[in-house]
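Each remark here refers to the structure printed beneath this line.
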Protein chains: 2
Amino acid sequence: MNEHKNVIDKNSPKPLYSQIADWFREKIISKEWSKNHQLPAEEDLAKQLEVSRGTLRKAISSLIKEGILIQIQGKGTFVAEPKVSHPFGQELISFAESMEREGIQFETKVLEKRLIHPNASIQKKFSLIEDQTVLYLKRVRYIDQEPVILLENYIQVNLCPGIELVEFERIPLFTAIENYSKRKIKSGIRQFEARGLEEEQSALLSLPIGAPVLYIDQITYLDESIPVEVSQVWLRSDKYSMASYLHRD
Amino acid sequence: MNEHKNVIDKNSPKPLYSQIADWFREKIISKEWSKNHQLPAEEDLAKQLEVSRGTLRKAISSLIKEGILIQIQGKGTFVAEPKVSHPFGQELISFAESMEREGIQFETKVLEKRLIHPNASIQKKFSLIEDQTVLYLKRVRYIDQEPVILLENYIQVNLCPGIELVEFERIPLFTAIENYSKRKIKSGIRQFEARGLEEEQSALLSLPIGAPVLYIDQITYLDESIPVEVSQVWLRSDKYSMASYLHRD
DNA sequence: GAGTGGTCTAGACCACTAG
DNA sequence: TAGTGGTCTAGACCACTCT
């Protein structure tokens with residue numbers, strides 16, 4: 001009768017809508033549901049999954065924001081055609097998480113990792129009043145042996161004690177922050193600019209000085225608008241351009 | 001008893017949650033609710049507005065995505081501190097709409113407006129098979145007499161007949177598309193890159209050749225994933241950088 | 001008319017925060 | 001313990017699409 005029962009665990013602390021969304025993503029990534037596939041009607045699907053229609057709709061809604069599903073009133077719910085790579089719908093995911101989700105192979109090289117006193121600009125972003133130390137991280141990401149992303153991160157160590165010991169070659173920064181702070185990352189702001197490469201950066205990204213790159217300034221927050229991480233990212237947009245799905249209410 | 005009754009019109013075709021969201025925006029923009037102001041509890045507010053808590057939460061949720069409100073479990077709902085300018089939360093709004101909402105004065109100069117046969121790259125984005133004509137628009141936007149944005153738009157005229165007569169100096173493109181197509185714009189995709197200016201563009205934006213600018217490639221869709229407009233935008237990110245609020249579920 | 005998604009309701013219980 | 005948001009339910013009715 002109920003072939004999907006096993007995928008939903010009502011006793012898990014993870015919300016049902018989130019479990020359902022994960023299950024949809026799997027179906028779609030595995031091509032079990034390929035593009036333009038029509039999903040069962042909401043009412044039927046809700047019955048099969050033994051959840052209310054509202055819960056199901058919350059799951060669908062998050063995938064619409066990611067650009068993975070589309071809904072047309074009177075017709076149905078369909079798997080969207082993939083339009084672009086590297087989408088960052090509304091969901092705050094790190095570059096590493098994004099690449100992993102897309103199945104892109106990459107390597108991370110840690111150039112620097114040390115505790116520093118941040119300059120005034122970083123302090124301001126953290127709303128720091130006292131002169132506290134933060135963990136400074138400088139990394140380059142390679143795809144197919146080519147350098148594509150240069151990242152500088154500043155992490156509030158007092159919010160995640162012990163994080164300075166993490167091997168950031170393998171562990172995604174967001175994972176480490178959530179583990180060591182024992183809290184969840186809640187939101188973030190990304191600001192997009194275009195910049196010409198300076199000498200030091202140009203060597204690291206194998207591009208000439210002055211070459212235009214996407215520059216992203218990011219602040220990541222825990223609950224209650226507590227800033228936990230500030231980063232500056234230089235991105236070769238010839239190799240990895242970023243895209244956003246937008247919707248009009 | 002009920003001081004807010006007048007703001008919600010249950011007979012309007014506009015959904016209640018959307019009316020409530022507009023009402024919140026007004027309260028916040030007018031500073032009646034200033035930053036860090038705590039909103040009444042959801043249950044109380046729902047009673048005052050004579051709507052269900054679910055409807056109220058849907059309105060709040062859209063403002064959270066825009067970065068205007070934050071919610072903290074156990075504490076309450078608060079007006080967020082403005083963090084950046086030019087946010088494009090989840091909402092698909094045009095550059096003109098965005099600037100208007102922020103109260104930025106700008107001027108638009110139309111450099112070209114004519115029907116053309118688009119090249120292969122544009123045709124592909126429209127998924128056009130036949131060789132149809134589209135309306136080509138080339139505009140520059142000035143803020144404080146300085147050129148800041150260069151826009152090239154390609155509009156499917158057969159979806160919005162008559163749109164070629166619009167005075168685009170005054171009328172926002174999205175408004176014109178919705179009026180002439182008699183349909184609503186539903187979604188869009190923006191792809192961000194960094195590019196160096198070419199000669200012609202550099203003259204229009206008053207920047208040297210090769211200067212890095214934000215390049216945004218956008219496709220706008222009506223219902224059912226019908227592409228109605230394709231645009232290429234060059235943006236002086238020293239004058240107008242774009243920011244996105246992101247949230248983690 | 002039958003089938004779909006879009007909106008809305010009125011509850012219920014849980015998780016978290018603070019005094 | 002009281003107050004807050006977070007999740008979930010089981011319905012209802014409406015708007016739209018297709019035949």
Side-chain angles (χ1 to χ4, degrees), chain A residues 8-22 36-65 69-80 182-184 186-187 222-226 247-249, chain B residues 8-22 36-65 69-80 182-184 186-187 222-226 247-249:
Chain A
I8 307 295
D9 175 6
K10 298 218 177 188
N11 296 317
S12 160
K14 186 162 191 167
L16 295 183
Y17 67 81
S18 175
Q19 295 183 44
I20 295 170
D22 287 346
N36 299 323
H37 173 80
Q38 178 167 12
L39 275 63
E42 291 183 347
E43 207 173 346
D44 298 343
L45 203 43
K47 271 196 188 111
Q48 282 177 27
L49 293 166
E50 295 178 330
V51 298
S52 72
R53 199 181 147 211
T55 300
L56 172 62
R57 274 181 69 78
K58 189 154 181 180
I60 291 174
S61 148
S62 69
L63 297 183
I64 288 174
K65 280 169 205 143
L69 293 180
I70 61 172
Q71 276 191 313
I72 305 172
Q73 188 173 47
K75 290 179 130 179
T77 306
F78 304 86
V79 176
K182 298 189 178 62
R183 307 178 65 166
K184 289 287 181 188
K186 191 70 176 293
S187 64
L222 301 174
D223 248 343
E224 311 192 27
S225 297
I226 299 173
H247 296 269
R248 210 164 162 92
D249 295 321
Chain B
I8 306 296
D9 175 6
K10 297 219 177 188
N11 296 316
S12 159
K14 187 161 191 168
L16 294 182
Y17 66 83
S18 175
Q19 295 182 45
I20 296 170
D22 288 346
N36 298 323
H37 173 80
Q38 178 167 10
L39 275 64
E42 292 183 347
E43 208 173 346
D44 299 341
L45 202 43
K47 269 193 189 113
Q48 281 177 27
L49 294 167
E50 296 179 329
V51 298
S52 72
R53 198 182 148 210
T55 300
L56 172 62
R57 275 181 67 78
K58 189 155 181 180
I60 291 174
S61 148
S62 69
L63 297 182
I64 288 174
K65 280 169 206 141
L69 293 180
I70 61 171
Q71 277 191 313
I72 305 171
Q73 187 173 46
K75 290 180 125 177
T77 306
F78 304 85
V79 176
K182 299 188 178 62
R183 307 179 65 166
K184 289 287 180 187
K186 192 69 176 294
S187 65
L222 301 174
D223 249 343
E224 310 192 28
S225 297
I226 299 173
H247 296 269
R248 209 164 163 92
D249 296 320

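Just so we're on the same page: letters track the sequence lines, and every chain starts at 1.
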Query - Given C:dG6, D:dG6, C:dT7, the nucleotide with the shortest approach to the side chain of A:Glu42 - result: C:dG6

Report summary line: note: B:Lys47, atom NZ; C:dA10, atom P; distance rounded to Å ~ 11 Å

**Report entry** Any A:Thr55 side-chain N or O less than 4.0 Å from OP1/OP2 of D:dT9
**Finding:** yes

Report summary line: As its Watson-Crick or G-U partner within any shown strand, both distances under 3.5 Å, C:dG19 has none

**Report entry** Distance in angstrom units between B:Phe78 CZ and C:dT17 P, rounded
**Finding:** 12 Å

Query raised in the report: Would you find a donor on one side and an acceptor on the other, under 3.5 Å apart, between the side chain of B:Lys10 and the backbone of B:Glu50?
Result: yes

**Report entry** Length of the NZ-C1' vector between A:Lys14 and D:dG6, whole Å
**Finding:** 16 Å

Query raised in the report: What residue among B:Arg57, B:Lys65, B:Lys58 forms side chain to side chain contact (heavy atoms under 4.5 Å, CB included) with B:Ser61?
Result: B:Lys65

Query raised in the report: Quick one: which of C:dT9, C:dG5, D:dT4 gets closest to the side chain of A:Thr77?
Result: C:dG5

Report task. Kindly point out which of C:dG6, D:dG5, D:dT9 is positioned nearest to the side chain of A:Arg57? Result -> C:dG6

Query raised in the report: Is there a side-chain polar atom (N or O) of B:Tyr17 under 4.0 Å from OP1 or OP2 of C:dC8?
Result: no

Report task. Could you work out which one of D:dT9, C:dG5, C:dT7 sits closest to the side chain of A:Gln71? Result -> C:dG5

Report summary line: Closest to the 5' end of DNA chain C, once B:Ile72 and B:Gly54 are matched to their nearest nucleotides, is B:Gly54

Query - Contact under 4.0 Å: A:Lys58 side-chain N or O vs D:dT7 OP1/OP2 - result: yes

Query raised in the report: Between CG of A:Leu49 and CD of A:Gln19, what distance do you get to the nearest 0.5 Å?
Result: 10.5 Å

**Report entry** Nearest to side-chain heavy atoms of A:Lys75, which nucleotide of D:dT17, C:dG6, C:dT9
**Finding:** D:dT17

Query raised in the report: Starting at the 5' end of DNA chain D, which residue's closest nucleotide do you reach first, A:Pro15 or B:Ala41?
Result: B:Ala41

Query raised in the report: Starting at the 5' end of DNA chain C and moving along, which residue's nearest nucleotide shows up first, B:Val51 or A:Arg183?
Result: B:Val51

Query raised in the report: Nearest-Å distance, CG (A:Leu45) to P (C:dT4)?
Result: 11 Å

Report task. Select one nucleotide: of D:dT17, D:dT9, C:dG6, the one nearest the side-chain heavy atoms of A:Lys10. Result -> D:dT9

Query raised in the report: Can you check side-chain contact (heavy atoms from CB on, under 4.5 Å) on A:Thr77 and A:Leu45, steps first, answer last?
Result: CA-CA 11 Å; A:Thr77 306; A:Leu45 203 43; over 6 Å; no

Query raised in the report: Nearest 0.5 Å, what's the CG-CD1 distance between A:Leu39 and A:Ile60?
Result: 6.5 Å

Query raised in the report: B:Gln73 has an atom CD; how far is it from atom P of D:dA2, in whole Å?
Result: 19 Å

Query raised in the report: Roughly how many Å is it from CG in B:Asp9 to P in C:dC8, rounded to a whole number?
Result: 12 Å

Query raised in the report: Rounded to the nearest 0.5 Å, how far apart are CD1 of A:Ile8 and OG1 of A:Thr55?
Result: 10.0 Å

Report summary line: Considering only heavy side-chain atoms of B:Leu16, the closest of D:dT9, C:dC8, D:dT7 is C:dC8

Query - Candidate nucleotides D:dT7, D:dT9, D:dA12, ranked by approach to the side chain of A:Arg53 - the nearest - result: D:dA12

Query - Whole angstrom value for the distance that separates C1' of C:dG5 from CG of A:Asp44 - result: 13 Å

**Report entry** Atom-to-atom span, NZ of A:Lys186 to P of C:dC16 - whole angstrom
**Finding:** 12 Å

